[in-house]
K.L.:
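Got a structure here, written out as structure tokens. Questions coming.
Since the model is a prediction, treat every value here as computed from it, not as a measurement. Within every chain, numbering begins at 1; the chains are lettered A, B, ... in the order of the sequence lines, protein sequences first and strands thereafter.
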Amino acid sequence: MAKKLPKRSEDYSKWYNELVVRAGLAENSGVRGMMVIKPYGYAIWEKMQAQLDKMFKETGHQNAYFPLLIPMSYFAKEAQHVEGFAKEAAVVTHYRLRTTADGKGIEVDPAAKLEEPLIIRPTSETIIWDTYRRWIQSYRDLPVLVNQWANVMRWEMRTRLFLRTAEFLWQEGHTAHETKDEAVREAEQMIDVYAEFARDYMAMPVIRGVKTPTERFAGAEETYTIEALMQDGKALQSGTSHFLGQNFAKAFDVKYLSREGKLEYVWATSWGVSTRLMGALVMTHSDDNGLVLPPKLAPIQVVIIPIFRKAEQLEQISAKAREIMDKLRAKGISVKYDDSDNYKPGWKFNEYELKGVPVRIAIGPRDLENGTVEVARRDTLEKFVIPSEGIDLYVENLLDKIQNNLYERALAYRNEHITSVDSFEEFKDVLENKGGFVLAHWDGTAETEAKIKELTKATIRCIPLDFDTSEEGKDILTGKPSKRRVLFAKAY
RNA sequence: CGGGAUGUAGCGCAGUCCGGUUAGCGCACCACGUUAGGGACGUGGGGGUCGCAGGUUCAAAUCCUGUCAUCCCGACCA
């Protein structure tokens with residue numbers, strides 16, 4: 001008798017943690033805040049990677065790989081950048097161990113101290129710009145449109161599976177351009193790519209916007225973000241794209257000979273999404289029975305479960321199942337047939353629901369007699385008895401329906417949780433009792449932003465780009481004039 | 001970095017206060033049998049340096065000292 005998941009409505013964190021572990025996505029490794037991504041979780045990440053990679057290439061980018069370790073001095077070159085990452089840097093200081101005097105253990109060999117410590121990359125801007133200096137001589141070398149898939153490390157004090165781990169997987173795009181306009185367009189293009197990916201593949205609605213100066217990436221002149229809303233009413237920053245101006249070009253002396261024959265600094269962008277998207281996926285769609293995966297990212301889209309008593313029955317059912325599998329696979333649908341006999345059908349039903357498989361087909365003796373199968377959809381938990389004749393078309397169509405339904409459902413929830421408020425009382429009330437995004441007037445100062453954060457734990461997620469929020473108003477805290485509403489929320 | 005907990009079988013825990021046969025339970029695992037349309041049951045079985053190192057004692061999972069690690073709550077962050 002396996003235990004049920006905790007109820008989502010009772011303790012969202014506990015539900016999330018247990019779901020991630022039990023569905024086979026990931027677990028804590030027992031080493032600091034390091035996470036093990038398990039095969040099933042990694043399979044989902046690989047599907048995300050494949051689609052994102054395709055979209056990057058369609059927008060003209062190429063992949064490359066840069067070193068894991070970065071000399072400490074590189075970080076010192078861009079002042080804001082150091083400040084942003086210094087507090088969470090893992091540092092390599094030695095390159096050798098030796099056995100202890102008593103011969104029982106090992107210790108760091110003090111003789112093997114590095115002259116300059118190396119930093120395990122928290123992000124790769126510095127080493128990449130140091131490299132780009134050598135790559136870029138003239139306007140003919142531009143633009144440089146490179147992405148890398150990598151791991152990075154940020155020594156976070158407190159971690160949560162996928163949402164904040166000390167080491168995480170991500171992609172980071174780093175581009176160099178001739179003009180400011182071109183770089184800004186690139187940063188905007190990539191946030192659009194992320195928004196499109198979230199909508200069309202993750203079935204996750206997001207709000208595009210720009211960050212306030214305090215929430216900006218360390219070293220950026222503008223940070224574009226996509227903000228998603230989780231089921232517990234908290235926001236999750238799901239992807240960012242930065243216009244870096246000429247900050248890194250100047251710090252790393254990356255100049256090119258322009259069309260006019262003058263030496264100019266290049267304009268830069270960087271953009272990234274991480275395994276945090278896995279957490280976003282879980283917290284957008286899942287329910288008390290477990291994970292709910294959008295068909296486009298599900299490693300297994302359809303599972304077939306035989307129901308049988310005797311071996312002869314299993315043979316007949318398996319023949320039928322194979323026929324259906326062949327038809328589904330011919331349509332590019334990934335199918336698993338689970339004819340294992342160590343678990344009963346009821347156990348399997350629960351197990352594949354926990355894993356979020358979008359469609360389940362059950363075939364039993366009754367179905368063989370009637371020429372039918374039982375089809376269950378994960379998103380609504382509805383079951384239908386369907387003639388097995390046109391099952392491939394039915395399932396193909398159903399997968400699309402589920403994909404759309406998940407998006408529509410998440411969108412409806414998200415839209416219900418955007419609230420406009422005009423007073424601080426109302427602001428606090430919505431944050432505490434309803435949750436979600438709050439559109440409110442802000443006087444534009446960092447002081448007010450900090451004060452509101454201190455009082456309510458809510459931060460300005462972004463100044464939205466997807467809808468017009470400009471109107472005259474008064475700051476909810478200070479009463480000072482404001483020209484537009486901004487988007488607040490408590491965030492992960 | 002401040003506060004609080006916990007380390008006992010693969011996982012989850014009891015036992016520790018008040019020291020005493022062979023360290024126990026649930027799940028998982030193995031074998032056999034019965035079962036199978038929403039998390040089956042029976043019988044038998046395997047698996048432990050009680051985090052680590054010292055100390056007290058006739059006797060330590062239990063008491064003492066030290067140490068290491070992990071988790072939770074804060075501040076910080078994709």
K.L.:
In whole Å, measure the gap between the P atoms of G55(B) and A60(B) for me.
P.N.:
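It works out to 12 Å between them.
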K.L.:
Using a 4.0 Å heavy-atom cut-off, does Leu163(A) contact any base of the nucleic acid, only the sugar-phosphate backbone, or nothing at all?
P.N.:
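It contacts base atoms.
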K.L.:
If you measure from the P atom in U62(B) to the same atom in G54(B), how many Å do you get, rounded?
P.N.:
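Looking at atom P only, U62(B) and G54(B) are 14 Å apart.
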K.L.:
A cation-pi test, strictly: NZ or CZ of Lys234(A) under 6.0 Å from the centre of the six-membered ring of Tyr492(A) and no more than 45 degrees from its axis. Yes or no?
P.N.:
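Yes, Lys234(A) sits over the ring of Tyr492(A).
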K.L.:
Under 4.0 Å between any heavy atoms, over every strand shown, what does Phe217(A) touch: base, sugar-phosphate, or nothing? Just pick one.
P.N.:
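Counting heavy atoms under 4.0 Å across all strands, no contact is made by Phe217(A).
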K.L.:
Between Phe384(A) and Tyr394(A), what is the ring plane arrangement, given parallel below 30°, perpendicular above 60°, and tilted in between?
P.N.:
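Ring orientation of Phe384(A) relative to Tyr394(A): perpendicular.
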K.L.:
Say we look at G12(B) and C72(B): how far apart would their P atoms be, to the nearest angstrom?
P.N.:
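Between the two P atoms, the distance is 13 Å.
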K.L.:
Could you state the CZ-P distance from Arg154(A) to A78(B), rounded to the nearest angstrom?
P.N.:
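In whole Å, A78(B) P and Arg154(A) CZ are 7 Å from each other.
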K.L.:
Return yes if a side-chain donor-acceptor contact under 3.5 Å exists between Gln189(A) and Thr59(A), otherwise no.
P.N.:
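There is no such pair (donor and acceptor under 3.5 Å, judged by atom type) between the side chains of Gln189(A) and Thr59(A).
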K.L.:
If I pick the C1' atom on A69(B) and the same atom on C52(B), what distance separates them, to the nearest angstrom?
P.N.:
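Result for the C1' pair: 10 Å, nearest Å.
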K.L.:
Roughly how far apart, to the nearest Å, are C41(B) and A78(B) at atom P?
P.N.:
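Roughly 49 Å separates the two P atoms.
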K.L.:
Would you indicate which nucleotide in G74(B), G39(B), A36(B) comes nearest to any side-chain atom of Trp347(A)?
P.N.:
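Of all the options, the side chain of Trp347(A) is nearest to G39(B).
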K.L.:
In terms of the nearest nucleotide of RNA chain B, which residue is placed more toward the 5' end: Gly84(A) or Arg366(A)?
P.N.:
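Per heavy-atom nearest nucleotide, the more 5' residue is Arg366(A).
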K.L.:
Kindly determine whether Glu227(A) and Lys211(A) satisfy salt bridge (Lys or Arg N to Asp or Glu O under 4.0 Å), including the steps that lead there.
P.N.:
CA-CA 10 Å; Glu227(A) 297 286 328; Lys211(A) 288 288 186 187; 2.9 Å; yes
K.L.:
So what does Thr240(A) touch, heavy atoms closer than 4.0 Å: a base, only the sugar-phosphate, or nothing?
P.N.:
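No contact at all - Thr240(A) keeps every heavy atom at 4.0 Å or more from the nucleic acid.
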K.L.:
Output the rounded distance in Å from OH (Tyr12(A)) to C1' (C72(B)).
P.N.:
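Rounded to the whole Å, the gap is 20 Å.
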K.L.:
Which nucleotide, G39(B), C77(B), A78(B), lies nearest any side-chain atom of Arg164(A)?
P.N.:
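Selected nucleotide (nearest to the side chain): C77(B).
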K.L.:
Rounded to whole Å, how long is the line connecting atom CD of Glu382(A) with atom C1' of G38(B)?
P.N.:
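It works out to 17 Å between those atoms.
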K.L.:
Considering heavy-atom distances to RNA chain B, does Asn28(A) or Arg461(A) have its closest nucleotide positioned more toward the 5' end?
P.N.:
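Closer to the 5' end of RNA chain B: Asn28(A).
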K.L.:
Under 4.0 Å, heavy atoms only, any strand: does Thr459(A) hit a base, just the sugar-phosphate, or nothing?
P.N.:
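No contact.
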K.L.:
On the 0 to 90° scale, with breaks at 30° and 60°, tag the Phe243(A)-Trp267(A) ring pair as parallel, tilted or perpendicular.
P.N.:
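Parallel.
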K.L.:
Would you mind reading off the distance between Lys234(A) atom NZ and A78(B) atom P, rounded to a whole angstrom?
P.N.:
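Value for this atom pair: 15 Å.
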K.L.:
Leu161(A) has an atom CG; how far is it from atom C1' of A78(B), in whole Å?
P.N.:
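For the pair Leu161(A) CG and A78(B) C1', the rounded distance is 15 Å.
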K.L.:
Ignoring the backbone of Glu374(A), work out which of C77(B), G37(B), G38(B) is nearest its side chain.
P.N.:
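Shortest atom-to-atom distance from the side chain points to G37(B).
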K.L.:
Between C29(B), C76(B), A36(B), which nucleotide has the shortest distance from any of its atoms to the side chain of Tyr343(A)?
P.N.:
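Of the candidates, C29(B) comes closest.
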K.L.:
Taking atom P of C11(B) as reference, at what distance in whole Å does atom CG of Asn17(A) sit?
P.N.:
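Rounded to the whole Å, the gap is 17 Å.
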K.L.:
Checking side-chain polar atoms at under 3.5 Å, does Glu46(A) have a donor or acceptor matched by the opposite partner on Gln49(A)?
P.N.:
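Gln49(A) and Glu46(A) do not have a side-chain donor-acceptor pair below 3.5 Å.
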K.L.:
Is the gap between the ring centers of His81(A) and Phe75(A) under 6.0 Å?
P.N.:
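Yes, the ring of His81(A) comes within the 6.0 Å limit of the ring of Phe75(A), centre to centre.
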K.L.:
Let me have RNA chain B in dot-bracket notation, would you? Count Watson-Crick plus G-U wobble pairs, both distances under 3.5 Å, and use [ ] for pairs crossing earlier ones and | for inter-strand partners.
P.N.:
((((((((.[[[[.)....(...]]]].((((((.....)))))).....[[[[[..)....]]]]])))))))....
K.L.:
Just call it for Glu156(A): base, sugar-phosphate, or nothing, with non-hydrogen atoms closer than 4.0 Å on any strand.
P.N.:
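Since a base atom lies under 4.0 Å of Glu156(A), the category is base.
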K.L.:
Calculate the interatomic distance between Lys453(A) atom NZ and G74(B) atom P; express it in whole Å.
P.N.:
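In whole Å, G74(B) P lies 14 Å from Lys453(A) NZ.
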K.L.:
If you measure from the P atom in G51(B) to the same atom in C17(B), how many Å do you get, rounded?
P.N.:
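Their P atoms lie roughly 15 Å apart.
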K.L.:
Do Trp45(A) and Phe162(A) make the cut of ring centroids closer than 6.0 angstrom?
P.N.:
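Trp45(A) vs Phe162(A): aromatic centres not under 6.0 Å.
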K.L.:
Going by modelled atom types, is there a donor-acceptor pair between the base of G37(B) and the side chain of Lys344(A) at under 3.5 Å?
P.N.:
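Absent.
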K.L.:
Write down the distance separating the P atoms in U70(B) and A28(B), rounded off to the nearest Å.
P.N.:
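30 Å, rounded to whole Å.
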K.L.:
Quick one: Lys211(A) NZ to C77(B) P, roughly how many Å, whole number?
P.N.:
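To the nearest whole Å, that distance equals 11 Å.
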K.L.:
Using the C1' atoms only, state how far G4(B) lies from G45(B), rounded to an integer number of Å.
P.N.:
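Rounded to whole Å, the distance is 43 Å.
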K.L.:
Suppose we call two aromatic rings close when their centres sit under 6.0 Å apart. Are Phe427(A) and Phe488(A) close by that rule?
P.N.:
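When the ring centroids of Phe427(A) and Phe488(A) are compared, they turn out to be within the sub-6.0 Å range.
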K.L.:
State whether the distance check finds a donor on one side and an acceptor on the other, under 3.5 Å, for side chain Arg360(A) versus base G38(B).
P.N.:
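Side chain to base: pair found, below 3.5 Å.
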